[in-house]
Amino acid sequence: MSKALPAAKSLPPLGAHMSIAGGLSNAIADGARYRCDAIQIFTKSSNQWAAKPLTPEEVERFLEASAKLRRKLGRLELAAHDSYLINLASPEPPLLKRSRAAFLVEVERCETLDIPRLVFHPGAHRGMGEEHGIRNIVQSLDEVLARAPGGRTTILLETTAGMGSSIGWRFEHLARIIENVKENHRLGVCFDTCHVLSAGYDYRDEEGYAKVMGEFDRLIGIERLRLFHLNDSKQEFNSHLDRHEHIGKGFVGSKAFARILRDPRFRDIPMVLETPKDDEMDRRNLALLRRLGRAAR
């Protein structure tokens, strides 16, 4: 049995993915209602290719709202998620070209909005095999990063559940992508708690947690972990299905979230919910996470 980690002295930055309906700055206002010191947004519609250019007024309102909440709370960690249409592993040249162009826009919008993290699903090989898909992802990132100099925004590969032909459900996939991208100092990882469990990594007890985090550190490096998506899972361990559930209501369970929240290695790593948006559930989920983070094991 592995030795328990000491509790972190304070809670990590906690929050949720917030809607940009009505304007980007509205997401910050909604986050303030829930005392979020970590907020994730889409910078455009997640289900459309087109991106309406950001106006100077829109950018100013977002920056001012962010600065105001940061002053009020003492800190505010921001992240964006890219469009679900983008597939940087696509074997189809037209879709791959379109995905790369759209991803470049996502990076540029984050840079403009001073958002330091952009999360993306690595992609799906669509039957061409993981080797082909990983090669396309590496080439895609090389192209986009070369066209987006400056690098204030870190690109985060998200762990996936392994649905269909998706890439990123094994830590080895992420390690190989990072290793082969030329400007890999601009890359990190987003650890999704639902996806990792569904992918076949069981971190729910103390021994399993030490094993999974040890494997992550060995293959990728714990320093690459820059964001958590805190989601419980509607589906069982090793299901390879991506179905998010409210905290403590699924197969991840409250104890696993407490362990992550109290791990001193992650005390400064932002953690955001992507749980269903029912009935003020962000408030309830965040309240539970705060209790779990502070309570003794």
Side-chain angles (χ1 to χ4, degrees), residues 1-5 12 79 81-82 88-89 117-125 128-142 144-145 151 154-231 233 237-242 252 256-257 259-272:
M1 183 69 68
S2 58
K3 185 178 179 181
L5 290 164
H81 199 299
D82 76 333
L88 298 183
R117 306 164 187 86
L118 174 61
V119 181
F120 78 106
H121 296 173
H125 60 75
M128 292 299 288
E130 290 176 354
E131 292 293 333
H132 188 276
I134 288 172
R135 185 164 60 250
N136 277 356
I137 295 166
V138 170
Q139 292 173 354
S140 295
L141 289 172
D142 279 344
V144 170
L145 292 175
T154 301
I155 312 301
L156 304 185
L157 296 94
E158 183 174 346
T159 56
T160 64
M163 289 178 63
S165 64
S166 67
I167 292 168
W169 61 279
R170 298 299 302 170
F171 295 161
E172 288 89 348
H173 296 170
L174 304 182
R176 286 167 58 199
I177 293 167
I178 293 169
E179 180 182 357
N180 287 285
V181 168
K182 293 174 184 175
E183 294 187 66
N184 62 15
H185 63 282
R186 298 172 66 180
L187 302 180
V189 173
C190 171
F191 188 108
D192 187 300
T193 54
C194 168
H195 299 173
V196 170
L197 185 77
S198 295
Y201 294 94
D202 196 349
Y203 57 89
R204 291 173 293 183
D205 63 25
E206 200 169 286
E207 187 173 4
Y209 183 81
K211 181 179 179 181
V212 170
M213 290 303 179
E215 186 172 353
F216 185 99
D217 191 29
R218 178 176 61 83
L219 291 170
I220 299 171
I222 211 78
E223 71 281 357
R224 292 275 186 184
L225 208 165
R226 306 293 179 83
L227 182 72
F228 278 92
H229 285 167
L230 297 184
N231 303 308
S233 177
F237 163 72
N238 207 28
S239 67
H240 296 285
L241 294 174
D242 180 1
V252 174
F257 290 109
R259 191 166 283 111
I260 291 170
L261 287 160
R262 292 173 60 80
D263 190 326
R265 295 172 295 181
F266 306 139
R267 61 180 300 180
D268 297 318
I269 305 299
M271 303 184 182
V272 294

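Hydrogens, waters and symmetry mates are skipped; everything else that's a heavy atom, side chains included, is used. All residue numbers in this chain count up from 1 along the given sequence.
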Exercise. Could you walk me through whether His121 and His81 pass side-chain contact (heavy atoms from CB on, under 4.5 Å), step by step?
Key: CA-CA 9 Å; His121 296 173; His81 199 299; 3.4 Å; yes

Quiz item: Any donor and acceptor pair, going by atom type alone, linking the side chain of Arg226 with main-chain N or O of Glu223 inside 3.5 Å?
Solution: yes

Practice problem: Give a yes or no on whether the backbone of Trp169 and the side-chain of Thr160 come within a donor-acceptor separation of less than 3.5 Å. | Solution: yes

Quiz prompt | Criterion side chain to side chain contact (heavy atoms under 4.5 Å, CB included) against Glu158, the qualifying member of Leu227, Asp82, Asp192 | solution = Asp192

Practice problem: Might you work through the side-chain contact (heavy atoms from CB on, under 4.5 Å) test for Arg135 and His125, ending with a clear yes or no? | Solution: CA-CA 10 Å; Arg135 185 164 60 250; His125 60 75; over 6 Å; no

Quiz item: Do side-chain atoms of Thr193 reach the backbone of His229 as a donor and acceptor pair under 3.5 angstrom?
Solution: yes

Exercise. Under the side-chain hydrogen bond (donor to acceptor under 3.5 Å, both in side chains) rule, collect the residues that match up with Glu130, sequence neighbours excluded.
Key: His173

Practice problem: Show your working on side-chain contact (heavy atoms from CB on, under 4.5 Å) between Phe216 and Val189 and close with a plain yes or no. | Solution: CA-CA 10 Å; Phe216 185 99; Val189 173; 3.8 Å; yes

Exercise. Using the side chain to side chain contact (heavy atoms under 4.5 Å, CB included) rule, pick out the option among Leu88, Leu157, Ile220 that qualifies with Ile177.
Key: Leu157

Self-check item: His240 side-chain N/O to Ala161 backbone N/O, donor-acceptor pair under 3.5 Å
Solution: yes

Quiz prompt | Derivation of the side-chain contact (heavy atoms from CB on, under 4.5 Å) call for Arg176 and Glu131 | solution = CA-CA 10 Å; Arg176 286 167 58 199; Glu131 292 293 333; 2.7 Å; yes

Quiz item: Does Phe171 have its ring centroid less than 6.0 Å away from the ring centroid of Tyr201?
Solution: yes

Quiz item: Can you tell me if Asp205 uses its side chain to pair, donor with acceptor, with the backbone of Gly208 under 3.5 Å?
Solution: yes

Quiz item: Counting distance only, does the side-chain N/O of Tyr203 pair as donor-acceptor with the main-chain N or O of Ile260 below 3.5 Å?
Solution: no

Quiz item: Is there a donor-acceptor pair under 3.5 Å between the side chain of Asp202 and the backbone N or O of Arg204?
Solution: yes

Practice problem: Answer yes or no: is there a donor N or O on one side and an acceptor on the other, between the side chain of Arg186 and the main chain of Leu145, under 3.5 Å? | Solution: yes

Quiz item: Is a side-chain N or O of Thr159 found less than 3.5 angstrom from the main chain of Phe191, in a donor-acceptor match?
Solution: no

